[in-house]
Chemist: 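Take this structure, written in structure tokens, and hold onto it; I'll ask about it next.
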Amino acid sequence: MRGGSGDMVKKIFNVNGDCKPDLHYMVDIRARLEKIKKMVDSGEYFTINRARQYGKTTILRGLSRFLQGDYMVISMDFQIMSHADFENESVFAAAFSSELLDSVEEIPEEIRSRLKGLAEESEKRVTLSLLFKILGQWCGLSEKRIVLLIDEVDSATNNQVFLDFLAQLRGAYINRDRKPTFQSVILAGVYDVKNIKRKIREDDDKKMNSPWNIAADFLIDISFSAEDISGMLKRYEADYQTGMDTGSIAELLFDYTSGYPFLVSRLCKLIDERVAGSKDFPDRAAAWTKDGFLEAVKIMLGEKNTLFESLTGKLNDYPELKNVIYRLLFQGRNIAYSPDDRAVDMALMFGFVKIDDGLVTISNRIFEVRLYNMFLTLPEVQELDIYQSASQGKNRFVDNGRLNMRLILEKFVIFFDDVYGDRGEKFYEEDGRRYFMLYLRPIINGGGNYYIEARTRNMERTDVIVDYGGEQFVVELKIWRGEARHKEGEEQLADYLDHYHVKKGYMLSFNFNKKKRTGIKEVAVRDKILVEAVV
């Protein structure tokens, strides 16, 4: 692609709006579009409801282009329409007609004239029924079957007019064997309109039953796989020849984001535009490495962006959601997924969590660390003695840029035993790991990253992985369950260290036995050294 001066216009990684193939590095979504087209070919009405900045608009616009050879595509965006456009049935019908006239060029003259009449009569009694009669006539006249795509339907779901609009779509779908109607209707947004009561007053019975119960399930995964990401990076590499290992970088991106589209694109954009050319990473070759990637993670976790602000806003708006996230982060509790659990279902809808083997887990490492940071830096938390102690003495834990994890454990044992040593088993299980995270957070703040290894997270064991100064530390937090179980844990940790290709690991045991011996020691397990601390 060339600009007006004749120079080649270079693509960028995009995090604002939909991705455009000629302008942006993006994953190949053709396979997904082909699957969606099969649903369209079958005449299904459905919703694409995913969390904020999950690539819904990119999918819809790509789908619009993909379908144009076989269908007449009407693509609309309810976000463009104002709140006043949903004031009542007449105003909505007029506004909807006006948007159709602006967004679609190929409208039969008879239909265009009638829609123009509706658009100019918002003050008169115009009904949705009349609007849908005109749309049905259009479907009957069109040489191609018509597909209706509507993005950002969340903008409209908090009022009765939108429910009436859905009811008209439902009626048209049910009577499709008798009257012409759309081949397919696709709505996109965060909220699933089959469960529209999420955004309405729950004391209003009239609004509780969704008139969109004809919607088909949309089961197509629109997150990015490691293979998807690798393909995108190969196209970038063809332009810049950085020498990066595209497969390894793609795996890192997937491991930290679980394929959340915005997070993948944002990290790539940070590596390309912020990390490359910095003091420690002078060029793209240096930036597109594991260390460069971790630097981008650190930058992202410290920035404000629209996605993180949206997540924080949801936690403040819904206390029950905040409680679920807190339990997942700090108490290590397994929460079995139930579609009838309102708080969990809300967390899933907003993108906080995913379902893994029937259990609820935080969606990805980036969200997890950001959420930990949020909970651990609340003003009331920073006033706690344990946070203050670590914060005031954090310089002693870093020597020439290297983190002294053994010293962190030593000082934590002393402080914890002095202040909390007489607490019982329940305290250790539910609060022990939170207090270690409170102690660790101010020490590594700004200098490294950390996350919880999901594969080992449970009530008895949690592994904290710390990346600092190019080194990786694996710290196992566990509840003491006797000497035999402790030996098993040592073997498990040694195996786990092999996975991370490190020779030294750390184990912090919370022991509520009255005869416990607190302190720290080193033990050899096979070819590994384990630094073990007991509180």
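If you're wondering where the values come from, they're calculated on a predicted model, not measured in any experiment.
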Chemist: Looking at residues at least two apart in the chain, or sitting in another chain, which of them share a side chain to side chain donor-acceptor pair (under 3.5 Å) with Q241?
Modeler: none
Chemist: Using only atom types and a distance under 3.5 Å, with no angle test, would you say the side chain of T289 pairs donor to acceptor with the backbone of A286?
Modeler: yes
Chemist: Could you check Y326 against F375 for ring-ring contact (aromatic ring centres under 6.0 Å, His included), going step by step and ending with a plain yes or no?
Modeler: CA-CA 8 Å; Y326 183 89; F375 279 104; 5.7 Å; yes
Chemist: Is there a side-chain contact between Y54 and I222 in this structure, where contact means two heavy atoms from C-beta onward sitting under 4.5 Å apart?
Modeler: yes
Chemist: Charged N to carboxylate O below 4.0 Å: is that the case for R342 and E320?
Modeler: yes
Chemist: State the CE-CG distance between M39 and L219, to the nearest 0.5 angstrom.
Modeler: 7.5 Å
Chemist: Quick one: are the ring centres of Y468 and F473 less than 6.0 Å apart?
Modeler: no
Chemist: Working to the nearest 0.5 angstrom, can you tell me the gap between D280 CG and E295 CD?
Modeler: 7.0 Å
Chemist: Are side-chain heavy atoms of I249 and L233 found at a separation under 4.5 Å?
Modeler: yes
Chemist: So, for L376 and Q382, which heavy atoms are closest and what is the spacing to 0.1 Å?
Modeler: O-CG, 4.4 Å
Chemist: Would D18 and K20 pass as an ion pair if we require N to O under 4.0 Å?
Modeler: yes
Chemist: Between the side chains of K38 and E34, is the shortest nitrogen-to-carboxylate-oxygen separation below 4.0 Å, so that they form an ion pair?
Modeler: no
Chemist: We want to know whether S338 and D341 form a side-chain donor-acceptor pair, criterion being a heavy-atom distance below 3.5 angstrom.
Modeler: no
Chemist: Looking at CD of E476 and CD1 of I465, how far apart are the two atoms once the value is rounded to the nearest 0.5 Å?
Modeler: 10.0 Å
Chemist: To the closest 0.5 Å, what do you measure between NZ (K37) and OG (S42)?
Modeler: 10.0 Å
Chemist: Can you find a heavy atom in the side chain of K322 that is under 4.5 Å from one in the side chain of N316?
Modeler: yes
Chemist: Taking the ring centre of each residue, are Y435 and F412 less than 6.0 Å apart?
Modeler: no
Chemist: Starting at CD1 of I271, measure out to CG of L294 and round the result to the nearest 0.5 Å.
Modeler: 9.0 Å
Chemist: Can a donor-acceptor pair be found between the side chains of Y25 and D239 at a distance below 3.5 Å?
Modeler: yes
Chemist: Do the charged groups of D272 and R284 touch, with an N to O distance under 4.0 Å?
Modeler: yes
Chemist: Do you know which two heavy atoms are closest between Y450 and V369, and how far apart they sit?
Modeler: O-CG2, 2.6 Å
Chemist: With distance as the sole test, does S265 use its side chain to make a donor-acceptor pair with the main-chain N or O of P261 at under 3.5 Å?
Modeler: yes
Chemist: Kindly indicate, with the supporting measurements, whether the criterion ring-ring contact (aromatic ring centres under 6.0 Å, His included) is fulfilled by F510 and F416.
Modeler: CA-CA 10 Å; F510 294 93; F416 191 90; 5.7 Å; yes
Chemist: With a 3.5 Å distance limit and no angle check, can you tell me whether T246 reaches the backbone of S230 through a side-chain donor-acceptor pair?
Modeler: no
Chemist: Answer yes when E471 and K503 have at least one side-chain N-carboxylate O distance shorter than 4.0 Å, and no when they do not.
Modeler: no
Chemist: I'd like to know if R406 pairs up with E410 as an ion pair, taking the criterion as any Lys NZ or Arg NE/NH1/NH2 lying under 4.0 Å from an Asp or Glu carboxylate oxygen.
Modeler: yes
Chemist: Are the side chain of K478 and the backbone N or O of D463 linked by a donor-acceptor pair below 3.5 Å?
Modeler: no
Chemist: Does any donor atom in the side chain of S223 or D221 lie under 3.5 Å from an acceptor atom in the other side chain?
Modeler: yes
Chemist: Can the ring centres of Y451 and Y372 be said to be less than 6.0 Å apart?
Modeler: no
Chemist: Ignoring hydrogens and geometry, is there a side-chain-to-backbone donor-acceptor pair from D228 to S225 under 3.5 Å?
Modeler: yes
Chemist: Looking at Y318 versus F350, is the centre-to-centre ring distance below 6.0 Å?
Modeler: yes
Chemist: Can you check whether F436's main-chain N or O pairs, donor with acceptor, with R441's side chain at less than 3.5 Å?
Modeler: no
Chemist: Run the salt bridge (charged side-chain N to carboxylate O under 4.0 Å, His left out) check on R52 and E152 step by step: do they pass?
Modeler: CA-CA 10 Å; R52 287 293 177 206; E152 299 290 349; 3.5 Å; yes
Chemist: Looking at K234 and E237, does any basic side-chain N land under 4.0 Å from a carboxylate oxygen?
Modeler: no
Chemist: Which heavy atom of M232 sits nearest a heavy atom of V264, and at what distance?
Modeler: CE-CG1, 4.0 Å
Chemist: Look only at the side chain of S389 and the backbone of D385, and say whether a donor-acceptor pair between them is shorter than 3.5 Å.
Modeler: no
Chemist: Give a yes-or-no answer on whether the side chains of K354 and S258 include a donor-acceptor pair shorter than 3.5 Å.
Modeler: yes
Chemist: Are more than 12 heavy atoms, taken from residues, nucleotides or ligands other than R517, located less than 6.0 Å from that residue's CZ atom?
Modeler: no
Chemist: Taking only Lys NZ, Arg NE, NH1 and NH2, and the carboxylate oxygens of Asp or Glu, determine whether K56 and D151 approach each other closer than 4.0 Å.
Modeler: no
Chemist: What pair of heavy atoms forms the shortest contact from A188 to L60, and how long is it?
Modeler: CB-CD1, 3.5 Å
Chemist: Checking side-chain contact (heavy atoms from CB on, under 4.5 Å) for the pair I366/L301: CA distance, chi angles, key distance, verdict?
Modeler: CA-CA 7 Å; I366 297 294; L301 290 171; 4.2 Å; yes
Chemist: Hey, is K487 close enough to E490 for a salt bridge, meaning N to O under 4.0 Å?
Modeler: yes
Chemist: Check the side chains of H486 and E532 for a donor-acceptor pair under 3.5 angstrom, ignoring hydrogens and angles.
Modeler: yes
Chemist: For N305 and R266, test the side chains for any donor-to-acceptor distance below 3.5 angstrom and give the result as yes or no.
Modeler: no
Chemist: With side chains defined as the heavy atoms from C-beta onward, is the minimum distance between V523 and V531 less than 4.5 Å?
Modeler: no
Chemist: Spell out, as yes or no, whether a donor-acceptor pair under 3.5 Å connects the side chain of S248 to the backbone of D245.
Modeler: no
Chemist: Count the heavy atoms of every other residue, nucleotide or ligand shown that sit under 6.0 Å from CZ of R274, and state whether that count exceeds 12.
Modeler: no
Chemist: Which heavy atom of G351 sits nearest a heavy atom of S363, and at what distance?
Modeler: O-OG, 2.6 Å
Chemist: May I ask you to decide whether D498 forms a salt bridge with K528, counting only side-chain N to carboxylate O separations under 4.0 Å?
Modeler: yes
Chemist: Quick check: do V475 and M405 have side-chain heavy atoms less than 4.5 Å from each other?
Modeler: yes
Chemist: Does atom CZ of R402 have more than 12 heavy-atom neighbours from other groups under 6.0 Å away?
Modeler: no
Chemist: What pair of heavy atoms forms the shortest contact from M437 to V464, and how long is it?
Modeler: SD-CG2, 3.9 Å
Chemist: Are a donor atom and an acceptor atom from the side chains of Y236 and W288 found within less than 3.5 Å of each other?
Modeler: yes
Chemist: With a 6.0 Å cut-off on ring centres, are F367 and Y260 close enough?
Modeler: yes
Chemist: Would you compute the distance between atom SG of C268 and atom CG of L253 and round it to the nearest 0.5 angstrom?
Modeler: 4.5 Å
